[in-house]
Amino acid sequence: MPSRGTVVMLGLPGSGKTTFLAALWHQLESSEISTAFIAERLQPDREYLNSIRDSWLAFEELRRTTLSAEQSALLHLQHVATKAHFDLSIPDVAGERFAQQWLDRRLPHEYVTQLQQCFGILLFMHCRQIDRVQVLPAREPEPSSQPMVEWDPRYAPTQVRLVDLLQSAQLIFERSRIMRVGVVISAWDEVEERTTPRSWFAKRLPLLNQFLEANADSVDSAIFGVSAIGGSLDDRESLALTPSPSARVRVQIDSDFVRDLTRPLEFLTVEDNFK
Amino acid sequence: METALPESDFVALPSAEPMPARELGLVTAQDETTVVLLAGPVASGKTTILVSLYELFNEGPVGGLLFAGSKTLVGFERICHPNRSVSALQAPATLRTNPSNSTAFLHLRVADTAGERPRMASLLVSDVTGEAFDEARDVANPTILPKEVWRRADILCLVLDADKMSVTTKRQTVRTHARSLLRSARESKLLQPRCKLQIVTTKWDLVVNSQTEDFVAETESLLTEQFRANFESISAHRIAARPTSTRVAYAFGVPTLLTEWVSRPRSKLVVAVPPDQARSGINSFARRFWERERSHLSGVLNAV
């Protein structure tokens with residue numbers, strides 16, 4: 001099992017990648033709660049991580065990572081249960097890159113290199129930003145109907161774009177290994193119904209759900225409902241009263257609730273997944 | 001849009017548009033594949049079958065089969081656009097297939113999870129234009145849809161328009177054109193003996209429980225009887241991919257069509273690509289993708 005590699009965070013703009021990374025870094029660096037991984041030593045350059053962490057601590061809305069401001073975070077971790085050591089690189093890539101993949105049909109070389117050797121993928125989606133198809137009710141057209149708006153790739157529903165992202169990743173990923181995909185449904189606190197992440201995912205993104213289920217021989221997936229902020233930023237006053245910032249976080253895995261944001265990383269990195 | 005990266009730092013992906021015939025080997029050598037030709041006159045409902053199928057998968061499994069991927073997602077999204085509210089249309093419509101795209105195939109990968117392990121299968125479905133349909137009736141060596149593509153078909157889906165058959169002065173033309181195509185295909189040896197024929201009557205919601213049902217049944221019987229010896233098997237289907245009435249459910253008959261497409265034994269034949277059909281304009285990354293794909297294939301592809 002390799003000890004050094006990349007975790008690739010995929011997701012459209014605003015899907016919660018940077019917020020996750022900020023909260024993850026805080027949990028690792030502060031050791032406020034028990035986590036599956038610990039940061040066994042600090043990396044030399046922590047400026048970016050500290051910067052986004054500070055915004056997260058202050059309940060500031062984290063600005064979307066822009067194409068010109070992409071960074072990569074390096075974490076030196078130890079898995080508590082197995083004592084295994086990991087050096088994880090987590091590029092914080094702008095969501096526009098992935099939006100561009102669908103629109104322009106191209107990928108940066110650097111991303112291809114990361115995918116080829118990564119442990120796995122965290123696929124992010126914001127629970128309130130799922131564009132679904134609205135099929136017109138069938139009826140006879142009227143003579144005075146307005147002209148059709150021409151098709152644009154931007155009209156594609158979210159689940160189609162995400163299938164496209166994963167299909168491309170599947171082609172690039174090393175075939176000697178099963179590709180692990182941790183699906184992170186962010187802003188999970190905004191999901192009003194009592195449900196599990198897997199049930200919610202199957203209902204809201206049925207095409208993507210089928211894709212993961214059908215390709216289970218080559219893609220191993222797990223679904224996480226994550227609230228990295230812990231609630232709405234409008235409620236920051238009450239959120240600030242939690243015993244520690246780490247304790248604001250909520251992660252739902254099936255019917256279990258934890259606070260440990262390293263659990264999705266654990267799914268991707270631990271256990272031998274070589275064929 | 002600002003990229004912050006020079007052009008040379010990007011690699012291109014496959015277009016995800018409908019696949020030309022010369023690329024079919026990439027699919028047929030990798031997966032058990034069924035090649036389906038949807039053949040019928042203009043506006044008979046061929047494309048609407050594909051629209052309906054893809055929209056069904058967007059909502060969940062179809063006919064017990066899971067969506068496992070597609071190399072032509074952009075192609076599907078384009079044909080579905082007039083079916084959706086984002087098109088600003090008042091009622092769903094289907095764009096006429098571009099005649100210049102007559103040899104393009106849409107790809108669907110599906111999984112049958114009924115057994116111990118998922119069984120994967122690919123479908124390559126060509127929406128044969130009305131012009132190609134007419135030409136195949138008229139000449140021994142069609143060029144719009146070349147013979148090599150006809151001969152690769154595992155299933156010929158012959159589409160009959162129920163709406164036209166409900167008009168007394170038009171119904172015999174529908175039957176005659178269908179019979180004429182099948183005879184032409186037989187004598188020109190357009191299709192392989194292992195090809196299966198599906199006689200698919202579309203827009204069934206418009207004629208259900210009407211006298212046209214009898215004419216449709218008679219047409220199905222006549223065609224089956226006359227061409228029984230020329231196909232591995234013949235089946236008849238009545239569908240309403242996008243009914244305008246409530247007499248039948250949305251996508252009536254489409255799941256059954258799909259399961260028959262997937263259930264027939266498929267060969268792993270590789271589509272022979274004439275050497276002069278060089279793959280022009282394909283960028284180096286796409287080529288590396290496909291070469292990497294080919295390194296895992298057990299078949300032999302003609303060099304392109």
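Quick note on labels: first sequence line is chain A, next is B, and so on, each numbered from 1.
For the atom pair CZ of R84(B) and CE of M148(A), the computed distance is 12.0 Å after rounding to the nearest 0.5 Å. A distance of 12.5 Å separates CG in D9(B) from CG in L107(A), rounded to the nearest 0.5 Å. From M120(B), atom CE reaches atom CG of D217(A) across 7.5 Å, with rounding to the nearest 0.5 Å. In this structure, CG in L13(B) is found 5.0 Å from CD in Q101(A), a value given to the nearest 0.5 Å.
Note: F67(B) and F211(A) have tilted aromatic rings, judged against thresholds of 30 and 60 degrees for the angle between ring planes.
The two residues R105(A) and A16(B) come nearest to each other via the heavy atoms NH2-CB, 3.7 Å. In terms of heavy atoms, R242(B) sits closest to A138(A) at CG-CB, 4.0 Å. Nearest heavy-atom pair across L65(B) and Q210(A) is O-OE1, 4.1 Å. When every heavy atom of A214(A) is checked against every heavy atom of A68(B), the shortest pair comes out as CB-CB, 3.6 Å.
Within the 4.5 Å cutoff, side-chain heavy atoms of V160(A) are placed close to those of N58(B). For the pair L73(B)/V163(A), a side-chain contact is recorded, criterion being any heavy-atom separation below 4.5 Å from C-beta on. In this structure, the side chains of R109(B) and N215(A) come closer than 4.5 Å at one or more pairs of heavy atoms. Taking 4.5 Å as the limit, every side-chain heavy atom of S87(B) sits out of range of all side-chain heavy atoms of V149(A). Looking at W151(A) and V86(B), their side chains never come closer than 4.5 Å, going by heavy atoms from C-beta outward. The closest side-chain heavy-atom distance from R106(A) to V11(B) is not below 4.5 Å.
The pair E77(B)-R161(A) fails the salt-bridge criterion, with no side-chain N (NZ, NE, NH1 or NH2) lying under 4.0 Å from an Asp/Glu carboxylate O.
Contacts between E150(A) and chain B at a heavy-atom distance below 4.5 Å involve the backbone alone (N, CA, C, O). With a 4.5 Å cut-off on non-hydrogen atoms, I79(B) does not touch chain A at all. Heavy-atom distances place both the backbone and the side chain of S85(B) under 4.5 Å from chain A. Contact annotation for P153(A): neither backbone nor side-chain heavy atoms come within less than 4.5 Å of a heavy atom of chain B.
In D254(A), the CG atom is not crowded: 12 or fewer heavy atoms of neighbouring residues, nucleotides or ligands sit closer than 6.0 Å. Crowding of E47(A) atom CD: a count of heavy atoms from other residues, nucleotides or ligands under 6.0 Å not exceeding 12.
No other option in R132(A), E213(A), Q134(A) has as many heavy-atom pairs under 4.5 Å with chain B as Q134(A). Highest contact tally toward chain A, considering only D112(B), V110(B), T113(B), V74(B), is held by V74(B) [criterion: heavy-atom pairs under 4.5 Å].
Of the possible donor and acceptor atoms, none in the side chain of Q167(A) sits under 3.5 Å from a partner among the backbone N and O of K71(B).
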- Would you check, one step at a time, whether the test side chain to side chain contact (heavy atoms under 4.5 Å, CB included) holds for L136(A) with L89(B)? CA-CA 8 Å; L136(A) 287 164; L89(B) 292 175; 4.1 Å; yes
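Between F10(B) and H109(A), the ring centre distance reaches or exceeds 6.0 Å.
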